[in-house]
Amino acid sequence: MVFYEISPTSIVGKDFLSLTYASEENLPAGTIVEIPVGKRQRIGVVLRKVARPDFETKSISRVLFDTPLPTSLLKLHIWLSEFYTTHPSTVWQTMLPAGLNKKRRTGRSEPNFASARPVKNGERVSNEARDDGPEARRGGNGLVGDYRVSARTNFVFNPDQLSAIDRLAKMKSGTAILHGITGSGKTAVYKALATQALGAGKSSIILVPEISLTAQLVDEFRADFDNVILTHSAQTEAQRAAAWGAALNANKPVVVIGPRSALFMPVRNLGLIVIDECHEPSYKQEKAPRYNALRASAKLADFSLAKLILGSATPLIADYFTAEKLGRPIVEMKKLARSNAQKPTTKIVDLTKRDNFTSRSRVFSKQLLIAMQDVLENNKQILLFHNRRGSASTTLCENCGWIAMCTRCFLPLTLHADKFELRCHICNLKQKPPTKCPDCGSADILHKGIGTKKIEEEIKRLFPDKTVRRFDGDTARGQAVQDVFAELKSGQTDIIIGTQTIAKGLDLPNLALVGIVQADAGLMLPDFSSSERTFQLIAQACGRVGRGHEQSTVIVQTYQPDAPAVVYGAAQNYKEFYKYEIANRQRGHFPPFAHLLKLTCAYKTERGVVNATRKVASEIQTEFVDQVQILGPAPAFYERARDIYRWQIVIRCASRDVLKQIATHVTQQKTARNWTVELDPSSLLS
């Protein structure tokens with residue numbers, strides 16, 4: 001008999017991280033097996049062989065897959081558990097698909113692999129850019145080898161893309177930022193790098209921020225590559241298991257495409273990881289192990305000796321700062337992929353000026369109304385973007401744009417209408433709302449936001465004969481962007497209204513006008529990343545137009561026309577915004593200049609949650625005096641949900657290891673089930 005240490009994929013007990021079993025078979029590390037635990041059969045992963053123990057052991061019930069998990073995934077599992085102080089079984093539940101021990105019919109849920117034909121060495125790689133000039137008709141770049149990258153041979157790379165490909169192709173491994181403006185053709189660069197990996201016998205993983213963008217990217221890759229595997233949460237359990245099995249058992253390189261969880265597909269000989277739109281918050285998992293896919297990808301690339309490409313027009317401030325500090329490559333693409341593309345005309349409209357409105361509407365300025373009327377008369381499309389998370393009740397001056405801010409945290413205060421008081425959701429500072437603006441003396445103080453439903457109602461009143469679609473958190477199943485994309489692209493929809501989903505990834509040929517209804521809405525959120533997120537959304541929304549040869553317009557409505565996030569976002573000027581924001585972060589001691597730990601407590605009574613958070617804050621202060629700075633306790637941004645009261649503590653420290661100790665201290669308490677522990681939160685809103 002041979003004895004093995006096995007990690008169960010479901011928690012057996014808090015103190016049992018692994019169990020010992022026997023088998024007559026010789027099993028390599030990473031083999032997925034079924035094991036008896038009590039009277040139940042559970043799934044486990046073989047970690048290593050061990051000596052015969054001095055206690056009686058049960059035998060492994062059966063081997064589920066002959067092919068073991070790649071060694072790189074085993075290393076990543078250990079790292080995720082340790083780095084995010086999470087039970088190993090919980091990490092397995094994130095990394096492995098459900099139902100691996102179910103017997104399924106073969107062939108019914110197999111992924112649809114597209115075929116690609118080989119081409120001659122040196123044939124040009126293509127992309128969205130047309131062959132419009134002599135610069136685009138230069139010789140081949142030598143990256144293609146015996147694999148074609150596109151069936152559309154009338155399309156070729158522009159010089160900007162060629163330069164990016166050449167530089168990234170020379171990387172042996174490690175992380176690089178591909179900083180390309182919206183419409184610069186980053187997808188074509190990803191495809192060229194995947195081709196290079198394929199030619200070297202390596203697989204690729206391409207991550208997208210959400211399902212709505214997956215279909216578009218899959219179509220791009222399936223037109224050009226063999227063995228494209230798609231995985232995402234909208235698939236059935238059987239489909240996901242089939243895709244996972246196809247990756248595990250593939251006998252040649254594959255290209256895996258999907259959202260965050262696609263990172264854990266068991267591909268062999270991984271050579272490339274791409275994270276498209278790497279700035280998106282969806283790359284952070286909001287349940288245990290609460291990992292950041294960018295950081296996890298960097299470790300997987302390290303374990304696999306692979307390349308990691310972080311692609312975005314608006315990279316995260318902390319990532320850009322780290323890349324500069326560590327001397328990692330930052331590859332820029334400053335030109336549009338289409339050489340005949342015209343940049344849009346951008347106008348910023350000051351909502352504090354009453355002469356910018358007419359009696360027709362208090363939601364849309366006269367500039368936006370005129371532009372919408374003109375576009376509709378020419379049978380073109382309109383996209384109206386609104387930051388849904390910026391619709392919370394906040395306090396601002398309608399006359400000058402002043403916002404009530406916390407003097408300690410430099411973040412906006414939130415209005416609590418029940419007590420009519422302003423409160424900081426980070427440090428719990430409280431104050432009464434002003435009766436007049438402290439800056440200009442005006443009595444025009446607003447205490448509300450605006451939502452997408454209000455925008456839709458106003459549009460239908462103004463343009464009753466036009467086709468309107470709204471996309472937000474209330475969108476019906478089967479009516480999301482990815483479900484009706486063909487309708488949007490064909491121009492059947494006249495006016496598109498939506499939140500974050502429509503601000504990214506969409507390339508609509510009939511779109512002629514983007515209106516950002518209240519660009520500064522996100523600035524009012526009490527979070528250190530609010531300015532950055534606002535800049536990203538404005539820049540991304542502006543990037544939906546200006547991709548074709550026809551003239552287009554962007555109108556940005558705002559109460560704060562001079563706010564850097566608004567000004568630089570409308571201009572899509574990342575460099576200047578970065579200078580502003582990195583100085584702001586340093587002044588406020590927020591990432592990347594400090595590490596954060598967010599502790600959220602939930603109780604059925606307000607007294608219970610207040611007492612619990614104060615007790616834990618006092619314990620932390622006593623044990624880690626002079627090592628940490630404690631912000632709070634304070635009510636969580638969403639203070640009450642389903643009759644449960646929620647408060648939070650934010651802890652700031654120069655050492656992440658100290659925060660890990662604090663996280664462990666909280667999770668080992670008797671009341672641990674009342675607490676949610678998050679290291680490296682990307683947002684302080686919860």
Side-chain angles (χ1 to χ4, degrees), residues 1-106 237-238 240-251 261 263-270 288-289 291 296 299-300 303-304 664 667-668:
M1 296 292 285
V2 185
F3 298 89
Y4 298 95
E5 184 181 341
I6 293 178
S7 176
T9 61
S10 54
I11 296 177
V12 176
K14 190 170 73 171
D15 298 326
F16 292 96
L17 304 184
S18 62
L19 303 171
T20 303
Y21 287 85
S23 175
E24 294 181 353
E25 297 185 56
N26 189 23
L27 304 175
T31 301
I32 299 176
V33 296
E34 194 173 62
I35 53 176
V37 179
K39 296 181 180 180
R40 298 179 59 186
Q41 293 293 319
R42 304 203 184 191
I43 300 173
V45 180
V46 173
L47 298 181
R48 62 185 66 84
K49 291 181 181 179
V50 295
R52 177 188 290 272
D54 56 4
F55 51 84
E56 187 176 345
T57 63
K58 294 181 179 181
S59 294
I60 292 172
S61 301
R62 62 182 174 125
V63 175
L64 296 178
F65 300 93
D66 293 331
T67 307
L69 294 174
T71 302
S72 57
L73 280 187
L74 295 179
K75 292 179 179 178
L76 183 63
H77 171 264
I78 295 170
W79 180 83
L80 284 168
S81 180
E82 293 178 350
F83 195 77
Y84 293 105
T85 61
T86 305
H87 195 288
S89 297
T90 302
V91 177
W92 281 129
Q93 291 166 20
T94 294
M95 296 182 70
L96 299 177
L100 287 181
N101 57 344
K102 291 183 179 179
K103 293 183 179 180
R104 307 184 192 276
R105 294 183 184 180
T106 58
E237 183 181 288
R240 296 197 79 179
W244 185 90
L248 181 71
N249 297 312
N251 55 15
S261 59
L263 180 67
F264 305 124
M265 290 287 274
V267 299
R268 312 217 159 265
N269 298 318
L270 182 62
Y291 71 94
K299 295 307 294 186
L300 182 59
F303 295 144
S304 308
T664 302
T667 56
Q668 289 179 345

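Predicted, not measured: the structure shown is a model, and the values here were computed from it. What's counted below: heavy atoms across the whole structure, side chains too, no hydrogens, waters or symmetry copies.
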So do [Y] and [X] actually touch side chain to side chain, heavy atoms under 4.5 Å?
X	Y	result
Phe264	Leu80	yes
Pro70	Pro266	yes
Glu25	Val2	no
Leu270	Phe303	no
Pro8	Leu19	yes
Asn26	Lys49	yes

Can you measure from [atom1] ([X]) to [atom2] ([Y]) and round to the nearest 0.5 angstrom?
X	Y	atom1	atom2	result
Thr20	Leu47	OG1	CG	10.0 Å
Tyr291	Leu263	OH	CG	6.5 Å
Ser304	Lys75	OG	NZ	8.5 Å
Thr57	Phe3	OG1	CZ	4.5 Å
Ser72	Lys299	OG	NZ	12.5 Å
Ile6	Ile43	CD1	CD1	12.5 Å

Distance-only donor-acceptor hits, side chain of residues 93-101, under 3.5 Å, sequence neighbours excluded:
{"residue": "Gln93", "atom": "NE2", "partner": "Thr9", "partner atom": "O", "Å": "3.1"}
{"residue": "Thr94", "atom": "OG1", "partner": "Gln285", "partner atom": "NE2", "Å": "3.4"}
{"residue": "Asn101", "atom": "ND2", "partner": "Glu34", "partner atom": "OE2", "Å": "3.2"}

_Option among Val45, Ile60, Leu69, Val63 that satisfies the side chain to side chain contact (heavy atoms under 4.5 Å, CB included) test with Thr31_ =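 Running side chain to side chain contact (heavy atoms under 4.5 Å, CB included) over Val45, Ile60, Leu69, Val63 with Thr31 returns exactly one hit, Val63.
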*asked:* Using a 3.5 Å distance criterion without hydrogens, assess whether the side chain of Tyr21 forms a donor-acceptor pair with backbone atoms of Pro36.
replied: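 Yes; at least one donor-acceptor contact below 3.5 Å.
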*Between Tyr4 and Ser23, is there a donor-acceptor pair closer than 3.5 Å when you use the side chain of the first and the backbone of the second?*
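No; judged by distance alone, with no hydrogens or angles, the pair does not exist.
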Looking at every non-hydrogen atom in both residues, tell me the closest pair between [X] and [Y] and how far apart they are.
X	Y	result
Thr86	Ala288	CG2-CB, 4.3 Å
Ala22	Met1	CB-CE, 3.4 Å
Trp79	Ala296	CZ3-CA, 3.9 Å
Ala247	Met265	CB-CE, 3.9 Å

_Go through it in stages, so that I can follow the logic: the residues are Tyr84 and Val91, the test is side-chain contact (heavy atoms from CB on, under 4.5 Å), and I'd like the CA-CA distance, side-chain angles, deciding distance and then a yes or no._
CA-CA 10 Å; Tyr84 293 105; Val91 177; over 6 Å; no
*Got more than 12 heavy atoms from elsewhere within 6.0 Å of CZ, Arg52?*
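No, because the 6.0 Å sphere around CZ of Arg52 holds 12 heavy atoms or fewer from other groups.
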*Would Arg268 and Thr67 count as a side chain to side chain donor-acceptor pair (under 3.5 Å) if you check the C-alpha gap in whole Å, the side-chain angles of each, and the deciding distance to 0.1 Å?*
CA-CA 11 Å; Arg268 312 217 159 265; Thr67 307; 5.3 Å; no
*Hey, can you tell me if Trp92 and His77 have their rings parallel, tilted or perpendicular (30° and 60° cut-offs)?*
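Plane angle under 30°, so parallel.
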